[in-house]
Number of protein chains: 2
Amino acid sequence: MARSSTRPTSRDVAQAAGVSQAAVSLVLGDKWRGRVAEATAERVRQAARDLGYRPNLAARNLRLGRTRTVLLVVPALTTEFFAGVYTGAARVAADHGFGVVLYPSPEGVGPARDPFASAQAALDGVIASSMAADALTAIRGDQLPLVMLDSDPEGSLGAATVNLDIADGVRQVAAHLLDLGHRRFLHLAADVPSWTFEVRARELAARLAAVPGTSIRTVRAPISIEDALTAAAAALAAPGPRPTALVCDDDKLAAGAYKAARRLGLRIPDDVSVTGLDDLALATALDPELTTVRLDAELFGERGMRALLAVLDGRTPEGGDIPVELVVRGSTAPPGAS
Amino acid sequence: MARSSTRPTSRDVAQAAGVSQAAVSLVLGDKWRGRVAEATAERVRQAARDLGYRPNLAARNLRLGRTRTVLLVVPALTTEFFAGVYTGAARVAADHGFGVVLYPSPEGVGPARDPFASAQAALDGVIASSMAADALTAIRGDQLPLVMLDSDPEGSLGAATVNLDIADGVRQVAAHLLDLGHRRFLHLAADVPSWTFEVRARELAARLAAVPGTSIRTVRAPISIEDALTAAAAALAAPGPRPTALVCDDDKLAAGAYKAARRLGLRIPDDVSVTGLDDLALATALDPELTTVRLDAELFGERGMRALLAVLDGRTPEGGDIPVELVVRGSTAPPGAS
DNA sequence: GAGGCGGGGTTATACGTAAAACTTGGAGGC
DNA sequence: GCCTCCAAGTTTTACGTATAACCCCGCCTC
């Protein structure tokens with residue numbers, strides 16, 4: 001009997017089954033057909049079960065030169081959205097025998113500026129959100145296979161990209177509000193440097209420019225309910241004709257806008273229509289429920305992982321943006337409906 | 001020059017610096033004082049930088065017999081709360097050179113029933129939420145150091161536990177509502193088998209039992225806004241005197257209760273007071289803002305990680321529950337305030 | 001009856017690192 | 001002048017696994 005203080009190794013199993021370590025490896029690795037007799041194989045499996053044997057992954061990784069582990073770099077996990085992305089990526093990963101390790105960008109996780117040191121695992125590849133920009137330079141240095149989420153397809157230097165069709169979402173929002181008759185817009189923009197927010201601003205401006213008689217103002221706020229509250233309150237209280245439609249870059253900003261409207265005594269949607277983007281649980285908890293664009297975070301994560309698996313396989317990742325969907329609820333109505 | 005197609009190893013660095021592999025290991029491992037001359041050490045560091053050397057973690061883990069990686073088992077990540085727990089745990093981990101790998105319970109991540117297979121990383125220890133009960137049996141089988149979150153201190157079979165002082169939170173909620181004059185209570189309970197929810201029910205019942213003339217009904221719902229909506233609507237519309245205080249096990253349930261009240265034409269807090277538990281972003285997005293119990297999810301994660309580090313060190317983890325705090329907002333008022 | 005062959009294994013080796021054990025060339029002490 | 005000692009390294013080994021290369025034995029073929 002081997003030293004019981006330490007975990008059993010394949011050699012311990014071999015000894016218990018009366019075979020060589022190589023035989024154990026063959027049997028447990030499912031490579032024994034035609035090399036080991038069925039009876040022997042069963043003896044090995046039984047011994048492994050009896051000893052509670054689990055292969056040492058560090059040794060296996062060293063031997064094979066790959067780890068079946070990838071890193072997911074996100075700006076923050078405290079958001080429902082990226083939690084969903086992780087969930088989707090992890091599901092696909094598990095189906096292919098992969099694991100996913102998270103690296104939430106520095107603000108969340110202390111001083112460590114090195115994603116690779118912080119995620120202790122040895123890695124086969126990386127999936128990174130373009131919002132976690134500060135970690136990207138460190139990542140590009142390494143030659144690991146990389147997939148970018150929501151990143152400028154032109155600017156990603158050859159890395160594969162998987163994008164939500166945000167531009168289409170913004171188009172749908174603009175069309176909906178224009179159809180309702182809105183002409184004076186306020187854009188509550190996320191104060192985060194990322195391609196995905198640039199697209200929102202660009203597309204919204206383009207859509208409105210196509211319609212004569214429209215105007216738009218933009219204010220920026222970090223993505224938090226409190227910051228959005230103060231920014232929106234200031235903008236809505238500003239002199240001049242008040243905007244009738246408030247387009248928010250994200251549902252959290254919209255929640256802040258609700259509080260600002262309430263504080264100023266404005267009714268939604270009678271005095272001002274509000275739209276969000278994400279469709280978090282928040283959206284239906286608000287009163288009235290928020291008109292927003294549904295993003296399928298889990299599907300996003302799944303597609304990201306599939307793309308990375310394709311790259312690892314030497315295949316070309318599936319192309320095409322992920323469709324999004326406008327969900328019309330009670331926060332939008334024709335202007336001046338009061 | 002070594003083969004450039006593969007990552008440089010410590011041997012490549014050694015060759016470039018004109019020393020042995022052992023010297024490289026000593027220098028880069030900061031164990032060179034008195035063993036290697038300063039000039040040589042600098043040559044080694046320079047060579048490592050030039051080649052872009054990164055140590056192979058699989059090899060290091062194999063050699064050292066530890067991985068500085070722990071597993072965090074949570075019921076689901078799509079919640080702000082557990083995202084916070086992860087963030088806190090990861091921060092402490094990073095400060096100690098550890099990484100954290102997630103295992104969100106099966107419902108979220110496909111068919112893999114084995115947390116260890118799914119999280120590909122080799123592990124030094126495990127932190128597990130008691131809500132992820134299905135994964136626990138698999139975990140107990142292994143002899144890995146284990147810390148349980150929000151678990152029955154008696155029932156955890158010797159594993160260290162770190163708990164929020166939920167009982168105290170419930171006490172504060174009960175005292176607050178009783179002080180306001182409420183006597184007819186409805187308990188909207190989470191339909192999840194976990195110690196942390198049992199505590200809520202037990203403590204609430206005990207507090208009310210101490211006050212003559214109080215009554216309490218309980219309804220259960222899975223933790224989702226929609227399920228809470230239907231359960232709360234049914235209970236509030238039931239025959240007999242309507243409860244004046246609705247105590248919810250969690251903020252999401254409270255959000256469902258808000259919708260139920262709205263649907264039934266009941267005003268909060270005039271017709272019915274509502275309390276939650278968690279203090280998610282949701283709580284202040286609701287109208288009126290939710291009176292709830294603030295749980296510091298990140299601190300929870302930090303304490304969990306510290307406890308595991310203590311166990312790994314052979315020390316005794318810091319004891320004591322994590323204090324929680326009642327946050328009184330607009331959703332509670334004396335009964336019949338209309 | 002010699003050679004071939006295939007089933008059923010075993011032996012040996014490499015993966016990259018950390019660290020214990022060993023080496024060597026002086027400098028200093030007596 | 002010889003011994004000791006220290007600085008500055010080097011050589012060697014082990015971690016646990018997967019797999020290529022080898023080996024042996026019995027049976028079939030010609």
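Chain identifiers are assigned alphabetically (A, B, ...) following the order of the sequence lines, protein sequences preceding nucleic acid strands; residue numbering begins at 1 within each chain.
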Does either side chain, that of B:S25 or that of B:S10, offer a donor lying less than 3.5 Å from an acceptor on the other one? no
When you check the side-chain N and O atoms of B:R49 and B:Q46, is any donor under 3.5 Å from an acceptor? yes
Is the closest basic N to carboxylate O distance between B:E302 and B:R91 below 4.0 Å? yes
Rounded to the nearest angstrom, tell me the gap between atom [atom1] in [X] and atom [atom2] in [N].
X: B:R60; N: C:dC15; atom1: CZ; atom2: C1'; answer: 16 Å
X: B:Q21; N: C:dT17; atom1: CD; atom2: P; answer: 7 Å
X: B:R11; N: C:dC15; atom1: CZ; atom2: P; answer: 8 Å
X: B:Q15; N: D:dT10; atom1: CD; atom2: C1'; answer: 15 Å
X: A:N56; N: D:dA14; atom1: CG; atom2: P; answer: 17 Å
X: A:R68; N: D:dT17; atom1: CZ; atom2: P; answer: 18 Å
X: B:L26; N: D:dA8; atom1: CG; atom2: P; answer: 13 Å
X: A:R66; N: C:dG16; atom1: CZ; atom2: C1'; answer: 17 Å

Of C:dT10, C:dT17, D:dT17, the nucleotide closest to the side chain of A:A23 is C:dT10
Of the candidate nucleotides D:dT10, C:dT10, C:dG16, which contains the atom at the shortest distance from the side chain of B:V19? D:dT10
Is the charged tip of A:R45 near the ring of A:W32: under 6.0 Å from the six-membered ring centre and within 45° of its axis? yes
Phosphate OP1/OP2 of C:dT10 contacted by A:S20 side-chain N/O (<4.0 Å): yes
Does A:S10 have a side-chain nitrogen or oxygen under 4.0 Å from the phosphate oxygens OP1 or OP2 of D:dT17? yes
Counting only non-hydrogen atoms, which of residues 28-42 of chain A are less than 4.0 Å from DNA chain D? A:K31, A:R35
Using a heavy-atom cut-off of 4.0 Å across all strands, would you classify A:S25 as base, sugar-phosphate, or nothing? base
Check the pair B:L309, B:V92 against side-chain contact (heavy atoms from CB on, under 4.5 Å), reporting the backbone distance first and the verdict last. CA-CA 10 Å; B:L309 289 171; B:V92 171; 4.0 Å; yes
Keeping A:T40 on the side-chain end and A:V36 on the backbone end, is there a donor-acceptor pair under 3.5 Å? no
Nearest atoms (heavy-atom pairs only) where A:L123 meets A:A121: CG-O, 3.5 Å
Heavy-atom nearest nucleotide on DNA chain C for B:L62 versus A:A22: which residue maps closer to 5'? A:A22
